[in-house]
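Working notes, beginning with the structure itself.
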Amino acid sequence: MWNVFVDSIIGLAKKSGFSNLTPLHLVMIAISCFFIFLAIKYKFEPLLLLPIAFGMLLANLPLGNLMHPVIWDNIHDLQFADLFNSDKFGLLDILYLGVKLGVYPPLIFLGVGAMTDFGPLIANPKSLILGAAAQIGIFFTFFGAMMLGFTQQEAGAIAIIGGADGPTAIFTTTKLAPHLLGPIALAAYSYMALVPVIQPPIMKLMTTKKERCIVMEQLRPVSRLEKILFPIIVAVVVSLVVPDATPLVGMLMLGNLFRESGVVARLSETSQNALINIITLFLGVSVGATASADKLAQPGYGAQAFKIIILGMFAFAICTATGVLFGKILNVISGGKVNPLIGSAGVSAVPMAARVSQKVGQEANPGNFLLMHAMGPNVAGVIGSAVAAGVLISMLGGK
Amino acid sequence: MWNVFVDSIIGLAKKSGFSNLTPLHLVMIAISCFFIFLAIKYKFEPLLLLPIAFGMLLANLPLGNLMHPVIWDNIHDLQFADLFNSDKFGLLDILYLGVKLGVYPPLIFLGVGAMTDFGPLIANPKSLILGAAAQIGIFFTFFGAMMLGFTQQEAGAIAIIGGADGPTAIFTTTKLAPHLLGPIALAAYSYMALVPVIQPPIMKLMTTKKERCIVMEQLRPVSRLEKILFPIIVAVVVSLVVPDATPLVGMLMLGNLFRESGVVARLSETSQNALINIITLFLGVSVGATASADKLAQPGYGAQAFKIIILGMFAFAICTATGVLFGKILNVISGGKVNPLIGSAGVSAVPMAARVSQKVGQEANPGNFLLMHAMGPNVAGVIGSAVAAGVLISMLGGK
Amino acid sequence: MWNVFVDSIIGLAKKSGFSNLTPLHLVMIAISCFFIFLAIKYKFEPLLLLPIAFGMLLANLPLGNLMHPVIWDNIHDLQFADLFNSDKFGLLDILYLGVKLGVYPPLIFLGVGAMTDFGPLIANPKSLILGAAAQIGIFFTFFGAMMLGFTQQEAGAIAIIGGADGPTAIFTTTKLAPHLLGPIALAAYSYMALVPVIQPPIMKLMTTKKERCIVMEQLRPVSRLEKILFPIIVAVVVSLVVPDATPLVGMLMLGNLFRESGVVARLSETSQNALINIITLFLGVSVGATASADKLAQPGYGAQAFKIIILGMFAFAICTATGVLFGKILNVISGGKVNPLIGSAGVSAVPMAARVSQKVGQEANPGNFLLMHAMGPNVAGVIGSAVAAGVLISMLGGK
Amino acid sequence: MSLQEKLTISGNVAFVGIVVVFLVLTSLILVVSIFGFFAKTGSGKGKKGKEEKDADVDYVSGEEAEDSDAEDSDTQVLEATDESEEDEVGLIAAIMAAITVAMGSVSGFHISSIRRSKRNTTSWNTAGRDEYHATRL
Amino acid sequence: MSLQEKLTISGNVAFVGIVVVFLVLTSLILVVSIFGFFAKTGSGKGKKGKEEKDADVDYVSGEEAEDSDAEDSDTQVLEATDESEEDEVGLIAAIMAAITVAMGSVSGFHISSIRRSKRNTTSWNTAGRDEYHATRL
Amino acid sequence: MSLQEKLTISGNVAFVGIVVVFLVLTSLILVVSIFGFFAKTGSGKGKKGKEEKDADVDYVSGEEAEDSDAEDSDTQVLEATDESEEDEVGLIAAIMAAITVAMGSVSGFHISSIRRSKRNTTSWNTAGRDEYHATRL
Ligand code: NA
Ligand code: NA
Ligand code: NA
């Protein structure tokens with residue numbers, strides 16, 4: 001009888017996570033805790049990084065069986081009944097369905113659209129040039145990633161980190177290189193949080209004190225009609241030119257139309273609260289769970305992750321630089337009326353990048369308020385990144 | 001090298017929506033914009049019509065691939081792995097699953113139930129006669145649709161427009177004639193919005209000034225116990241007699257029980273806010289997306305849509321007339337105590353139809369407050385429509 | 001022609017629920033109404049019992065077709081296209097997917113975690129002993145259930161009723177004995193509601209007046225850092241030792257980290273409101289629907305349900321007793337500083353059981369405020385139940 | 001499909017549909033009228049009975065306005081069980097009678113007053129609030 | 001993959017990508033600038049026109065602050081249909097013109113002022129509120 | 001199944017279950033007690049240390065009451081990076097130590113105070129608010 005008990009305890013110990021813990025698991029757990037630390041202590045995009053890091057933590061506790069990365073490598077063999085087989089689908093696999101099906105990022109964009117005021121962009125349409133310019137780094141990074149030995153698809157997914165837009169990066173990576181989703185999501189959100197550190201030196205290096213002091217004219221008021229027409233037109237134009245950007249841009253603009261129409265306050269409110277929060281939570285925790293120790297065990301994965309970190313930084317830096325560069329060009333063309341600092345806000349990273357423009361401008365000239373002017377390129381950058389993502393998916397997405 | 005670039009640009013242009021745009025797409029886009037206009041400018045049921053119209057817009061931007069109407073014609077061939085194939089399931093197809101599975105309309109009814117006070121109906125149970133009478137037009141319309149060449153199933157789906165209840169119409173159409181979902185949903189919500197235009201002339205034509213001036217007795221107070229028992233009993237009675245109405249009526253009554261029980265304020269609150277808003281949004285945008293240009297390309301589809309518009313108007317008119325007619329009968333029976341104007345509120349279209357009764361009554365006699373009395377037939381009409389839907393599904397539903 | 005009408009009416013009558021109503025249906029409907037009564041009148045855990053009872057009511061109205069218990073007996077034969085077949089999947093079957101896939105209980109735990117303050121537990125870690133002690137009754141009940149003729153798996157599911165934690169009971173039962181889900185869920189929530197009736201006599205029987213009068217020292221303040229580290233550590237430790245408890249404990253701790261981190265107020269707020277309410281509603285109504293009349297028709301099912309009621313009561317009583325017993329032991333060890341009444345709070349049933357400790361303590365000594373001290377064992381009991389559930393699933397879960 | 005067939009189908013659907021809609025809604029009138037009958041009987045029972053009823057009618061709005069109080073609800077469940085058994089029998093009888101009515105046979109029943117529920121919030125939240133209050137003391 | 005191939009692919013993707021991103025965003029500049037042109041034209045129309053515009057600009061914040069009133073909205077839809085047709089033609093023309101612009105050909109259009117919407121709540125809720133008010137009278 | 005078998009199974013499940021439940025919860029006592037030890041050590045460090053800790057304890061309620069202010073949070077992330085590195089090292093060490101503890105080996109660590117976070121809202125919303133403020137100036 002006693003033997004039976006002892007055998008059971010031994011059996012349970014063997015089935016416990018401790019006995020299946022490898023050094024790689026410990027590394028992954030340590031990385032998770034590091035990102036939890038960054039999210040809480042420094043508020044590194046905590047809405048996403050906290051769920052991502054905790055999902056990563058849970059997925060790396062052996063035998064928890066919350067996530068099965070292996071099933072996602074052969075999705076075309078999946079059967080409906082597999083959903084009920086806990087050796088195939090765990091809790092986080094089920095939440096991950098929304099990522100894999102490309103549902104979560106557009107729904108997040110719906111909420112973002114309902115939160116975004118495109119007024120500053122409509123008042124100053126030249127901002128769109130800057131929102132385009134600050135995507136150039138994406139394509140430079142693509143080149144860099146190809147040189148570092150990534151495949152075309154992987155290079156496309158890595159390059160989009162430079163878009164400085166989380167849902168766009170996750171959407172694109174899911175389509176092009178889902179196996180890199182964990183590191184790319186972590187890099188994208190981390191660098192977005194680091195915008196106030198990365199951008200100012202580049203901005204100061206590329207501009208003269210005189211340029212930074214330029215005070216811009218006050219923006220004209222924007223009528224409600226313009227704000228209503230804007231999302232409709234952007235949805236139509238972008239979708240027609242780059243159909244692969246439709247899920248992102250279409251939902252972004254639907255959310256914005258909810259906001260600006262003024263007749264569906266309920267839908268607008270829910271899009272930017274309950275719905276976006278639920279989706280953010282599900283997306284974060286399941287994207288984090290894709291970063292499992294098994295992946296780190298694959299030869300070269302660690303090196304790839306390291307290269308992604310380097311390339312992500314490179315992408316942000318180039319995007320910032322090209323944004324500022326085009327800001328300088330616009331300044332020249334306009335006869336000195338455009339402060340080039342607003343160019344860096346074109347990277348997206350709403351609203352952090354616009355605040356950085358404000359801050360750097362005010363350092364040079366305490367009476368300079370660039371925030372509103374920088375919000376134009378800032379929101380244009382969101383559209384720009386989505387267009388760039390559409391182009392990459394269209395050119396590189398095998399199927 | 002340059003050739004490669006040019007080829008790529010040409011390739012991308014060919015893959016763009018512009019080169020695949022047909023006149024039919026333009027027609028559909030114009031129709032979408034027209035409904036967006038109606039929803040925003042005239043507040044035509046904007047909670048539904050704005051998402052429906054925008055869904056229709058997105059679905060008609062070529063190659064956006066958000067919706068694939070063709071997969072829904074052969075649902076029995078669908079495999080689980082098809083979900084991951086973006087040539088089969090787009091974003092809106094996935095949201096449409098909730099429509100196709102018949103989940104969204106009952107969940108909307110849950111929220112409607114939590115918002116509805118059946119007190120006026122309980123205080124004046126004769127209202128139920130009017131709620132039944134105002135469904136008669138549904139069956140007249142069925143007859144008309146058959147005469148105009150629709151199949152039985154199509155005729156049933158079109159007839160239910162006269163129920164003046166959006167979720168009921170969508171639920172019924174999904175079961176009987178899913179290919180007509182777009183036009184029927186648009187017609188149903190548009191006519192519901194037009195209730196203040198359609199009903200008054202009919203009401204005035206059918207009543208004398210003297211009848212319109214009748215002031216009704218104040219309603220008795222209703223106890224909490226009655227309000228708690230009501231949803232339980234209605235759910236049991238309706239489900240037993242018309243089992244096919246159970247999803248709608250059962251959820252409506254569950255929501256109402258949440259409201260009246262007073263012990264689950266959290267569930268009541270969420271049912272009538274976050275949940276109903278999320279579902280309304282998903283339902284609207286995906287139902288709208290079923291109205292694609294491919295459908296308009298089918299011979300006869302435009303003519304069908306036109307007939308649906310005519311029949312929908314006819315249905316509303318007849319339902320209003322029969323409601324008022326039975327109001328007159330009740331007035332005679334009760335010895336002049338019932339204002340026949342409350343009969344027209346039996347069409348559902350809560351609370352617009354009850355307001356129309358109030359307004360027309362007050363025009364005739366400024367001291368006449370019919371609103372509370374009209375709310376009785378108004379909410380009875382919701383139950384009546386659901387019963388009618390159950391009968392139609394039961395008699396016509398193939399399966 | 002008239003014949004056709006009469007035939008149709010007869011056909012419809014045959015397809016109505018009335019003609020298919022059996023005495024067993026009436027029994028089930030009466031039981032549903034009884035639980036609706038308990039939920040509304042005595043507030044017996046109304047958030048769960050009201051939806052459960054109404055789900056049971058709807059599932060027992062013949063031909064409503066909202067739930068098909070038979071499909072869940074052979075889940076491995078299910079095909080994706082079956083979802084669209086209303087003879088296989090009804091509304092409540094679809095909502096039940098979230099139960100069957102084990103998604104709802106962890107998501108409820110996410111919200112519970114966001115609502116729970118583990119401060120009293122951190123301030124007084126000895127509480128964890130009591131949270132463990134009050135689970136002993138679970139295993140006694142397992143023994144009792146085996147003796148009463150249940151299978152191992154059934155016995156495990158019944159025993160977990162003693163955990164006094166609804167989501168844990170539902171999660172465990174879904175894994176071990178899904179056919180008993182209805183009665184076990186009803187018993188679990190009913191006894192949780194009855195905690196103020198079941199516990200006091202046992203508590204008074206096992207303690208002396210002097211023990212009940214013990215006033216405990218005020219708890220030390222707990223720093224934010226401790227509160228942040230606690231959920232991370234608990235998630236790691238529990239998941240490593242008992243991997244099968246990871247879905248529950250991992251989500252509970254993620255919710256708590258949302259709360260304590262202070263940087264994701266949005267996610268914390270949504271977890272404990274919109275999300276938990278939606279999931280509670282879906283879970284309740286679909287779990288209730290599993291209790292169909294067909295089951296009651298199986299020979300022995302009624303007797304089984306009766307035994308479950310007895311065993312559930314037994315489980316609660318023993319858990320309370322062992323909790324108080326270990327409270328007495330701690331009191332002796334600590335030299336009279338621990339009031340044994342806080343031991344009974346270890347059964348979980350947050351916060352009811354802690355309130356019972358408070359009330360019984362105050363009866364003995366009006367100046368005695370035990371609530372805060374009892375919250376420690378109370379929340380420890382939630383962790384304890386989840387660990388016990390993990391062990392049962394691990395040892396008994398065939399696959 | 002011939003015109004004859006169309007007419008038959010339409011006529012059939014229309015006839016059955018109208019009959020069933022009226023059948024269901026008039027049978028609900030019956031049930032609801034029974035409510036009303038007992039409601040009137042109840043209000044005839046004397047002044048005290050009437051006041052109780054009025055209190056019930058105001059109930060919903062009052063509850064919505066009131067922010068439920070943690071201290072109050074502490075011992076509320078225990079109170080519930082201490083309550084007079086009359087009320088219990090009343091509501092249970094009413095619900096059971098309702099089923100009976102629904103099943104086709106009507107039996108008399110007596111509606112007594114319903115207790116007012118104070119707790120508008122969940123047990124989970126209340127615990128947090130209690131504790132918060134406790135720490136502030 | 002040879003360096004040559006990598007360079008070709010990268011160059012190709014970079015070139016096409018940059019071209020398309022700029023193409024799309026500059027074409028949006030065109031459209032938005034047309035807004036601005038008419039906005040300016042509109043504001044030049046005289047004092048009344050300008051005031052209307054200002055009212056529109058304040059609109060969103062005003063609406064958010066205001067708790068919509070059930071009495072107000074009772075007859076609002078009827079009012080909407082009574083409105084002057086000018087506005088209607090204005091917005092419909094604008095939306096249609098927007099499509100035309102999007103499709104590649106620009107035609108002139110005239111933007112008139114937009115009415116302020118008062119209803120911030122749903123029809124469902126309003127009904128409940130109305131009734132509540134009615135019972136309080 | 002024989003009675004013997006039933007007894008063996010039950011005894012086995014009960015024994016293992018009780019052992020594991022106590023094992024897990026007592027090992028958590030260990031970890032949490034270590035918190036308490038350092039908490040006390042920390043509070044013994046002098047008056048300033050104590051005050052810091054008190055501020056931390058009040059933190060949650062204070063934060064909930066305060067409506068975070070857009071102006072304040074504008075430059076907050078930059079401040080965070082300017083902060084003294086001590087704190088940073090403190091929390092990172094604490095989390096790392098926690099893992100170490102969880103993995104079975106305990107090493108000493110030092111908990112320093114945690115900064116108060118002011119931003120209770122999302123970056124998205126803040127942008128909108130900033131802009132709104134800007135337009136009102
Ligand atoms: Na960008
Ligand atoms: Na109706
Ligand atoms: Na427990």
Side-chain angles (χ1 to χ4, degrees), chain A residues 72 74-83 97-98 100-103 105-107 110 175 228 231-232 235-251 253-255 257-258 260-271 273-275 277-278 391 393-395 397 399, chain B residues 8 11-13 15-21 25 29 32-33 36-37 39-51 54-55 57-66 79-87 89-95 270 273-278 280-282 284-285:
Chain A
W72 298 106
N74 295 296
I75 47 174
H76 296 296
D77 299 342
L78 287 176
Q79 300 294 318
F80 181 61
D82 291 342
L83 284 172
L97 277 170
K100 195 72 193 175
L101 296 174
V103 171
L107 291 182
L110 180 81
K175 300 270 180 196
I228 290 175
I232 301 172
V236 170
V237 171
V238 173
S239 301
L240 284 180
V241 181
V242 194
D244 286 298
T246 310
L248 291 174
V249 174
M251 288 293 119
M253 293 303 149
L254 176 57
L257 185 60
F258 285 167
E260 303 299 351
S261 72
V263 293
V264 288
R266 288 173 73 99
L267 300 184
S268 174
E269 197 275 333
T270 296
S271 303
N273 286 298
L275 183 58
N277 292 344
I278 292 172
V391 174
I393 294 170
S394 173
M395 293 186 75
K399 160 68 4 57
Chain B
S8 294
L12 215 69
K15 281 164 76 179
S16 86
F18 276 115
S19 49
N20 291 274
L21 208 58
H25 286 111
I29 292 170
S32 311
C33 288
I36 291 174
F37 163 75
I40 297 178
K41 175 74 178 173
Y42 294 113
K43 291 156 208 80
F44 264 39
E45 298 283 329
L47 290 172
L48 266 297
L49 276 188
L50 190 59
F54 206 88
L57 179 69
L58 292 179
N60 284 292
L61 300 171
L63 306 184
N65 261 332
L66 292 194
Q79 300 294 318
F80 181 63
D82 290 342
L83 284 172
F84 305 106
N85 179 345
S86 62
D87 282 344
F89 275 85
L91 174 64
L92 297 182
D93 290 300
I94 289 164
L95 298 183
T270 296
N273 286 297
L275 182 58
I276 198 174
N277 292 346
I278 292 172
T280 298
L281 166 53
F282 288 180
V285 82

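In what follows, every chain begins at residue 1, and chains take the letters A, B, ... in the order their sequences are listed.
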**OP:** Looking only at non-hydrogen atoms, find the nearest pair between B:Ala274 and A:Thr270 and report the distance.
**Re:** O-CG2, 3.9 Å

Original post:
Distance from A:Leu240 atom CG to B:Leu21 atom CG, nearest 0.5 Å?
Top reply: 5.5 Å

Original post:
Less than 4.5 Å apart, any side-chain heavy atom of B:Leu91 and any of A:Met251?
Top reply: yes

Subject >> Closest heavy-atom pair and its distance - B:Phe54, A:Ala235 >> reply: CZ-CB, 3.9 Å

**OP:** Tell me, with the steps shown, if B:Leu50 and A:Leu267 meet side chain to side chain contact (heavy atoms under 4.5 Å, CB included).
**Re:** CA-CA 10 Å; B:Leu50 190 59; A:Leu267 300 184; over 6 Å; no

**OP:** Calculate, to the nearest 0.5 Å, the distance between atoms CZ and CG belonging to B:Phe80 and A:Asp77 respectively.
**Re:** 12.0 Å

**OP:** Would you mind checking which part of B:Ile94 comes under 4.5 Å of any heavy atom in chain A, side chain (CB onward), backbone (N, CA, C, O), both or neither?
**Re:** side chain

**OP:** Heavy atoms only: give me the nearest B:Gly64-A:Thr246 pair and the separation to one decimal.
**Re:** CA-OG1, 3.7 Å

Original post:
Is it the backbone or the side chain of B:Leu275 that comes under 4.5 Å from a heavy atom of chain A, or both, or neither?
Top reply: neither

**OP:** Measure B:Ile278 against the heavy atoms of chain A and call it side chain, backbone, both or neither at under 4.5 Å.
**Re:** both

Original post:
Which heavy atom in A:Lys175 sits nearest to a heavy atom in B:Ser86, and how many Å separate them?
Top reply: NZ-CB, 4.4 Å

Original post:
Checking heavy atoms, do the side chain of A:Pro247, its backbone, both or neither come under 4.5 Å from chain B?
Top reply: both

Subject >> Closest heavy-atom pair and its distance - A:Arg266, B:Leu47 >> reply: CD-CD1, 3.9 Å

**OP:** Can you see which heavy atom on A:Ser271 is nearest to which on B:Leu281, and at what distance?
**Re:** OG-CD2, 3.8 Å

Subject >> Distance, nearest 0.5 Å, that separates CZ of B:Phe84 from CH2 of A:Trp72 >> reply: 4.5 Å

Subject >> Side chain to side chain, A:Lys100 and B:Leu83, heavy atoms closer than 4.5 Å >> reply: no

Original post:
In Å and rounded to the nearest 0.5 Å, what is the CG to CG distance from A:Leu101 to B:Leu95?
Top reply: 10.5 Å

Original post:
Quick one: are A:Leu257 and B:Ile40 in side-chain contact, heavy atoms under 4.5 Å?
Top reply: yes

Original post:
Using non-hydrogen atoms only, which part of A:Val103 is less than 4.5 Å away from chain B: side chain, backbone, both, or neither?
Top reply: both

**OP:** Rounded to the nearest 0.5 Å, what's the gap from CG on B:Asn65 to CG on A:Asp244? Could you check?
**Re:** 7.5 Å

Original post:
So how far is it from B:Asp82 CG to A:Leu78 CG, rounded to the nearest 0.5 Å?
Top reply: 12.0 Å

